[in-house]
Amino acid sequence: MTVTADMAISLDGFIAGTGVTIDNPGGDGAEPLFEWIHNLASWRERQGMTGGEENRDSELMREWFDATGAVVMGRTMYDTGEEFWGDNPPFRTPVFVLTHRPRPTLVKEGGTTFTFVTDGIHSALDRAKAAAGDRNVDIAGGASTVQQYLREGLIDELQLHVVPTLLGEGLRLFEGLGAGRRLEPVSVVGTPLATHLKYRFVK
């Protein structure tokens, strides 16, 4: 089992713009970070839609979906996505939501469940690992959630989809993480839409 984080990121290191709210989850000016995903066939499949482009970007997205057996996310990501995802969220796996506000587990269509975890990141990860079986656990976001797991050395592999755009300001993925962590490259895939970089943390 591998603990992963899979993030779209601008060339200058931002994963969201400024002014992130429930109504503006990507922040101001962040549309280019996500536009490349929306017409991929594998992404559209997970949204219950047909059509879309079958290309290397779509293959990589499908590989990530297929390899993921459970997801951990922060409460802000859940709150900003809840209305958009609707009754049939794209995860199709158990999702564990970090929160300070207890809430009963929600069972959705397509195999997605949302379990709200109030006793910290280690507990959420343990529960996700138990649910994932022999598949991966993905730390989905947002930035502060991924940063917490990075600081604790709990992420094994990091996949970055580097989009050729400059945001200039916003939320940086690697803000305040300190130095000393070493990574080794696993793969580099370049397409017209993004450069897909996968790294493994050296333990």
Side-chain angles (χ1 to χ4, degrees), residues 1-10 13-31 33-34 37 43 46-47 61 64-65 67-86 89-108 111-132 135-161 167 169-178 181 201:
M1 175 187 294
T2 302
V3 180
T4 66
D6 188 283
M7 312 290 291
I9 189 168
S10 69
F14 296 100
I15 62 170
T18 57
V20 173
T21 65
I22 291 178
D23 296 325
N24 186 26
D28 297 332
E31 292 83 2
L33 290 182
F34 312 106
I37 299 174
W43 177 259
R46 285 293 180 125
Q47 312 302 317
M61 186 66 63
W64 173 77
F65 280 134
T68 300
V71 171
V72 176
M73 70 176 60
R75 183 63 186 255
T76 299
M77 181 176 178
Y78 173 80
D79 286 344
T80 56
E82 181 180 18
E83 183 174 345
F84 174 76
W85 297 325
F91 303 101
R92 315 283 174 85
T93 61
V95 179
F96 297 86
V97 182
L98 293 162
T99 184
H100 297 295
R101 292 170 283 158
R103 182 173 176 178
T105 295
L106 299 178
V107 178
K108 298 287 189 174
T112 300
T113 58
F114 291 102
T115 300
F116 298 86
V117 181
T118 59
D119 52 350
I121 66 172
H122 292 274
S123 174
L125 183 56
D126 288 343
R127 296 173 73 171
K129 285 181 175 179
R135 297 164 73 195
N136 295 341
V137 173
D138 189 72
I139 311 300
S144 63
T145 297
V146 175
Q147 287 169 346
Q148 288 180 69
Y149 282 96
L150 286 172
R151 289 191 191 100
E152 294 293 319
L154 297 173
I155 292 176
D156 302 312
E157 287 186 357
L158 182 64
Q159 181 158 259
L160 301 176
H161 308 284
L167 295 191
E169 58 182 343
L171 295 175
R172 289 188 181 275
L173 177 59
F174 300 112
E175 194 76 46
L177 295 182
R181 300 293 309 282
F201 284 97

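Since the structure is predicted, the reported quantities are computational estimates derived from the model, not experimental observations.
- Side-chain contact between Tyr78 and Arg103 is present, with at least one heavy-atom pair separated by less than 4.5 Å.
- Minimum interatomic distance between Gly86 and Lys108 (heavy atoms only, all atoms of both residues): O-NZ, 3.9 Å.
- Using a distance-only test at 3.5 Å, with no hydrogens or angles considered, no donor-acceptor pair links the side chain of Arg101 to the main chain of Arg75.
- Leu154 places none of its side-chain heavy atoms less than 4.5 Å from the side chain of Ile139.
- The shortest non-hydrogen separation linking Arg172 to Gln147 is O-NE2, 2.9 Å.
- The shortest side-chain heavy-atom distance between Thr112 and Val71 does not fall under the 4.5 Å cut-off.
- Residues Leu167 and Leu33 meet the side-chain proximity criterion, which asks for heavy atoms closer than 4.5 Å.
- Note that CZ of Arg127 and OG1 of Thr115 are 6.0 Å apart. Values are rounded to the nearest 0.5 Å.
- Annotation: side chain of Met77 is not in contact with side chain of Thr145 (no heavy-atom distance under 4.5 Å).
- Within the model, atoms CG of Asp6 and CG of Asn136 stand 10.5 Å from one another, a figure rounded to the nearest 0.5 Å.
- For the side-chain contact (heavy atoms from CB on, under 4.5 Å) with Leu98, the qualifying choice from Thr118, Thr76, Leu125, Val72 is Val72, the only one to do so.
- In this structure, Trp85 and Phe114 have parallel ring planes: the angle between them is below the 30° cut-off, well short of the 60° mark.
- Taking 4.5 Å as the limit, every side-chain heavy atom of Arg46 sits out of range of all side-chain heavy atoms of Met61.
- Side-chain N or O atoms of Thr2 include none that pairs as donor or acceptor with a backbone N or O of Thr4 at under 3.5 Å.
- From Leu106, atom CG reaches atom CZ of Phe116 across 4.5 Å, with rounding to the nearest 0.5 Å.
- Between Asp156 and Met1, the closest side-chain pair of non-hydrogen atoms is not below 4.5 Å.
- Going from atom OH of Tyr149 over to atom NE2 of His122 covers 8.0 Å, rounded to the nearest 0.5 Å.
- Smallest separation of non-hydrogen atoms from Phe96 and Ala70: CE1-CB, 4.4 Å.
- Here Phe65 pairs with nothing under the ring-ring contact (aromatic ring centres under 6.0 Å, His included) rule; sequence neighbours left out.
- Of all non-hydrogen atoms in Ala143 and Ile15, the two that sit nearest each other are CB-CD1, 3.3 Å.
- Of the possible donor and acceptor atoms, one in the side chain of Arg181 sits under 3.5 Å from a partner among the backbone N and O of Leu150.
- Side-chain contact between Phe174 and Ile9: present, with at least one pair of heavy atoms (C-beta onward) separated by less than 4.5 Å.
- Screening residues 114-124 for salt bridge (charged side-chain N to carboxylate O under 4.0 Å, His left out), with sequence neighbours left out, gives no hits.
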